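Please read the structure below before turning to the comments.
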Amino acid sequence: MTCREHLDDLAINTLRFLACDAIEEAKSGHPGMPLGAAAAAYTLWTRHLRHDPGNPTWFNRDRFVLSAGHASMLLYSLLHLTGYDISLEDLRSFRKWGSRTPGHPEHNPALGVEMTTGPLGQGIASAVGMAAAEAHLAARYNREGFEIINHWTYVLASDGDLMEGVSCEACSLAGHLGLGRLIVLYDSNDISLSGSTALCFTEDVAMRFAAAGWQVEEVKDGNDTQAVDAAIRRAKEEGGRPSLIILKTKIGFGAPAKQGTFEAHGAPLGKEELEGAKKGLGWPLEPRFFVPPEVKTFLEEEAGKKGVLSRAWEAEFLRYVQCHGEAAAELSRRIKGQLPPGWDGDLPVYPDGAKDISTRKVSEEILALLAARLPEMVGGAADLNPSTFTWLKGLGDFQNPRIKPASSQGCIGGSWGYEGRNIHFGVREHAMAAMASGLALHGGIIPFTATFLTFSDYMKPSLRLAALMKLKIVYVFTHDSIGLGEDGPTHQPVEQIMNLRSLPGLTVIRPADANETVEAWRQAILNEGPTALIFTRQNVPVINRTGLAAAGELARGGYVLWESGPEDPELIVIGVGSELHLSLAAGRRIAGEGNRVRVVSLPSWELFEGQREEYRNRVLPGKVRKRLAVEAGIKIGWERYVGLDGAVIGLSTFGASAPWQVLYEKFGITVDGIVAEARGLLIR
């Protein structure tokens, strides 16, 4: 055995037992994959991964995604040993309150954690978005002699990741797009949490990925670092396809009784089993969290070499600035996440008396204007752009440049290649949302997605992770209520808006008309986290703002649209979305009967709750207990704003198939219905 091979073996066992000691200390965790996949992960990190612990957010670094987030201690051990700001004390604090080493990885690029993972399938699907971002930015900004953007996206995935449907969706699209800088290391150990994969997962994964357009490599022994290294090298030589490297491993490698069993997956090995593993692999039983001095010295030296890569890139970027100043300035701005001056200047104001128009149609106009000013806006719909109106006409189709279209039918126009800004996600809502997270995580891109609101259910796991990571993504949801009409209850969202509002960290905005839609888009671009924009299919009036509050008040989330006089109101009517104009008309009629009435527009609960308490109390005074909320969705949740003495006009059932006007009448969401309910409140 050579000196280097000896060091490699020592370092791999250091990874294994740092992970196992931390899991034993925490009395919870997943030792199986750290034991089984340590050799492959070590090979990738030390021989291939371009990164710099001294400059962890260097933009042209390779991205590493631990899709199998339950193996978090493998990642933390790698980060500790390769020079990131993760100390031995952090490893000892695994899964403890306030720890920098939580049970599953949580997005923190400064510590080397590229994304939050744990829900299986999410990491690999988001990595497809990262690879797409790299391809797009390279196509837009690289110049002859300057490959400013040229990095790889690597994933370590498990059997469970490949069982999840979201990974199938995303990997299908990755193969179609030919994302050759995406390499997935698949830890194939034939064991899941509850038993052997023979119980539920016996498909030929290699054939599946080959059929989807991937290059497939197989390493028969995942502990063979030379074979792993060679497979990664072959994958990197394949420029036109993403690559799957199937690593045959043993879960819980080295554990005498639990190796190769599901018992090694999700619980500490226990004192005796851990000692048996250490003895079998020639590791000292004490001290725990042992790092051999020669491993520490070797990996510190290797980490120091990584800094050369980032410094060389920075020097090349300075030359790029001198030769391609305009492109460099734009790329620098995008990397920093800054918006250009005047990006929202001269957005339209829809005049009083303008014809009725759906908010999805207004959104199309605003999206086109913003995209012309913000080249970082990249995205598309789940095969629904002719219905959601989310297309950037003339700005190109994001497609595999090596494959010419057999037909231009359905193309949005402009270039065909990675420089295109319209991503055709296909009927893959979940992959679309996960890929949007990857686009945002990569940096330099503001992604947008689109589908019908009812299909937001397909996206929920990815929306949740995006909210956890505070990612800047715009989700466009159209066909927002029973107002979509004849397609019926399968397509009419009832509970979805409240589902989205229940998600911490997601800003939901449901504008009432054209001018609120303009402001909704403005807030979505300004927001530093994810935003869901909710738009109508049906035409709605452009509210005549004479004597009313300006639509710009939407920035506060909720505002007093109109009130009958300066005195304190007896009744507050809260309208939102396409029901606001009905609420306004009803409020005026009730006021005409001699009542003091205030009409409030409340398009975004999240923006409203972000205002000062004094402002919120001014809009919705606590002493006014007669409140009526109007929204064409479920009533549950509105108690927050109407209280126990108020009332809600909405739905308690699913919708039905009929013209939308008929549905609003049958469900009582009309001016007459609002007036009748308000009268009942006033006489209580």
Side-chain angles (χ1 to χ4, degrees), residues 480-482 493-504 506-510 512 534 556-565 567-591 593-655 664 666-684:
D480 71 343
S481 68
I482 57 172
V494 173
E495 75 279 19
Q496 280 76 13
I497 293 177
M498 284 300 178
N499 286 344
L500 294 174
R501 287 176 180 147
S502 72
L503 196 56
L506 177 66
T507 299
V508 181
I509 309 177
R510 186 174 179 233
I534 316 293
R556 298 174 179 262
Y559 61 97
V560 178
L561 177 68
W562 174 86
E563 51 191 341
S564 56
E567 303 89 356
D568 290 338
E570 302 169 82
L571 171 73
I572 297 176
V573 181
I574 305 170
V576 60
S578 52
E579 291 71 66
L580 181 61
H581 74 280
L582 301 174
S583 303
L584 177 61
R588 283 171 163 163
R589 188 190 297 180
I590 300 161
E593 297 173 359
N595 301 294
R596 300 190 307 278
V597 180
R598 171 179 293 178
V599 177
V600 169
S601 175
L602 195 61
S604 176
W605 293 15
E606 297 76 23
L607 291 176
F608 186 63
E609 293 300 324
Q611 305 303 308
R612 296 191 310 275
E613 183 179 8
E614 178 271 332
Y615 173 79
R616 287 184 277 119
N617 290 338
R618 200 155 22 101
V619 174
L620 298 173
K623 62 184 177 182
V624 183
R625 302 181 67 83
K626 295 180 179 181
R627 303 179 182 182
L628 176 60
V630 185
E631 184 169 43
I634 59 170
K635 301 176 184 180
I636 295 172
W638 275 109
E639 299 88 350
R640 177 175 192 165
Y641 292 113
V642 302
L644 298 179
D645 297 328
V648 182
I649 291 179
L651 283 83
S652 301
T653 67
F654 292 109
Y664 268 71
K666 295 295 185 182
F667 285 102
I669 307 174
T670 63
V671 173
D672 288 344
I674 299 169
V675 168
E677 189 70 38
R679 287 172 179 159
L681 269 180
L682 286 166
I683 62 175
R684 283 183 192 172

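The structure displayed is predicted, hence computed values, not measured ones.
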Inset, instruction - Can you establish whether the number of heavy atoms outside Glu613 located under 6.0 Å from its atom CD is more than 12? - result: no

Inset, instruction - Mind checking the OG-CG spacing from Ser601 to Leu561? Nearest 0.5 Å is all I need. - result: 6.0 Å

Legend entry - Contacts of Gln611 that satisfy side chain to side chain donor-acceptor pair (under 3.5 Å) - sequence neighbours left out: none

Distance-only donor-acceptor pairs under 3.5 Å for side chains of residues 666-676, two or more places apart:
residue	atom	partner	partner atom	Å
Thr670	OG1	Gly673	N	3.0
Asp672	OD1	Arg589	NH1	2.8
Asp672	OD1	Arg589	NH2	3.4

Legend entry - Contact summary for Gly558 and Val619, nearest pair of heavy atoms: O-CG2, 4.3 Å

Inset, instruction - Flag the pair Phe608 / Tyr559 as yes when at least one side-chain heavy-atom distance between them is below 4.5 Å, and no otherwise. - result: no

Inset, instruction - Could you pull out the closest heavy-atom pair between Trp638 and Ile634, with the gap in Å? - result: CD1-O, 4.1 Å

Legend entry - Atom pair OG (Ser578) and CD1 (Ile482), whose distance is rounded to the nearest 0.5 Å: 8.5 Å

Legend entry - Worked check of side chain to side chain contact (heavy atoms under 4.5 Å, CB included) between Leu571 and Ile590: CA-CA 9 Å; Leu571 171 73; Ile590 300 161; 4.1 Å; yes

Legend entry - Min side-chain heavy-atom separation Lys623-Asp568 under 4.5 Å: yes

Legend entry - Partners passing ring pair (Phe, Tyr, Trp, His ring centres under 6.0 Å) against Tyr664 (at least two apart in sequence or in another chain): Trp660

Legend entry - Minimum-distance pair of heavy atoms, taken over all atoms of Pro493 and Ser481: CG-N, 3.5 Å

Inset, instruction - Locate the shortest heavy-atom distance separating Ala678 from Leu628; write the atom from each residue and the value. - result: N-CD2, 4.0 Å

Legend entry - Interatomic distance, Arg616 atom CZ to Leu620 atom CG [nearest 0.5 angstrom]: 10.0 Å

Inset, instruction - Can you tell me which residue pairs pass the salt bridge (charged side-chain N to carboxylate O under 4.0 Å, His left out) test with a partner in residues 570-585, sequence neighbours excluded? - result: Arg510-Glu579, Glu570-Arg596

Inset, instruction - Only pairs at least two apart or in different chains count here, so list each salt bridge (charged side-chain N to carboxylate O under 4.0 Å, His left out) that has a residue in residues 675-684. - result: Glu593-Arg679

Legend entry - Residue pair Val630 / Leu582, side-chain heavy-atom distance below 4.5 Å: no

Inset, instruction - Would you indicate whether the side-chain heavy atoms of Val576 and Ile497 approach each other to under 4.5 Å? - result: no

Can you give the donor-acceptor pairs under 3.5 Å from side chains of residues 640-654 to other protein atoms, not counting sequence neighbours?
residue	atom	partner	partner atom	Å
Tyr641	OH	Glu609	OE2	2.6
Asp645	OD2	Arg625	NE	2.6
Asp645	OD2	Arg625	NH2	3.0

Legend entry - Point-to-point distance, once rounded to the nearest 0.5 Å, from CG of Leu607 to CG of Leu602: 10.0 Å

Legend entry - Residue pair Pro621 / Ile572, side-chain heavy-atom distance below 4.5 Å: yes

Inset, instruction - Locate the shortest heavy-atom distance separating Glu614 from Arg618; write the atom from each residue and the value. - result: OE2-NE, 2.8 Å

Legend entry - Which atom of Trp605 lies closest to which atom of Gly637, heavy atoms considered: CH2-O, 3.4 Å

Legend entry - Verdict with supporting geometry, Ser604 and Thr507, side chain to side chain contact (heavy atoms under 4.5 Å, CB included): CA-CA 7 Å; Ser604 176; Thr507 299; 3.8 Å; yes

Legend entry - Heavy-atom check, side chain of Val508 versus side chain of Glu606, under 4.5 Å: yes

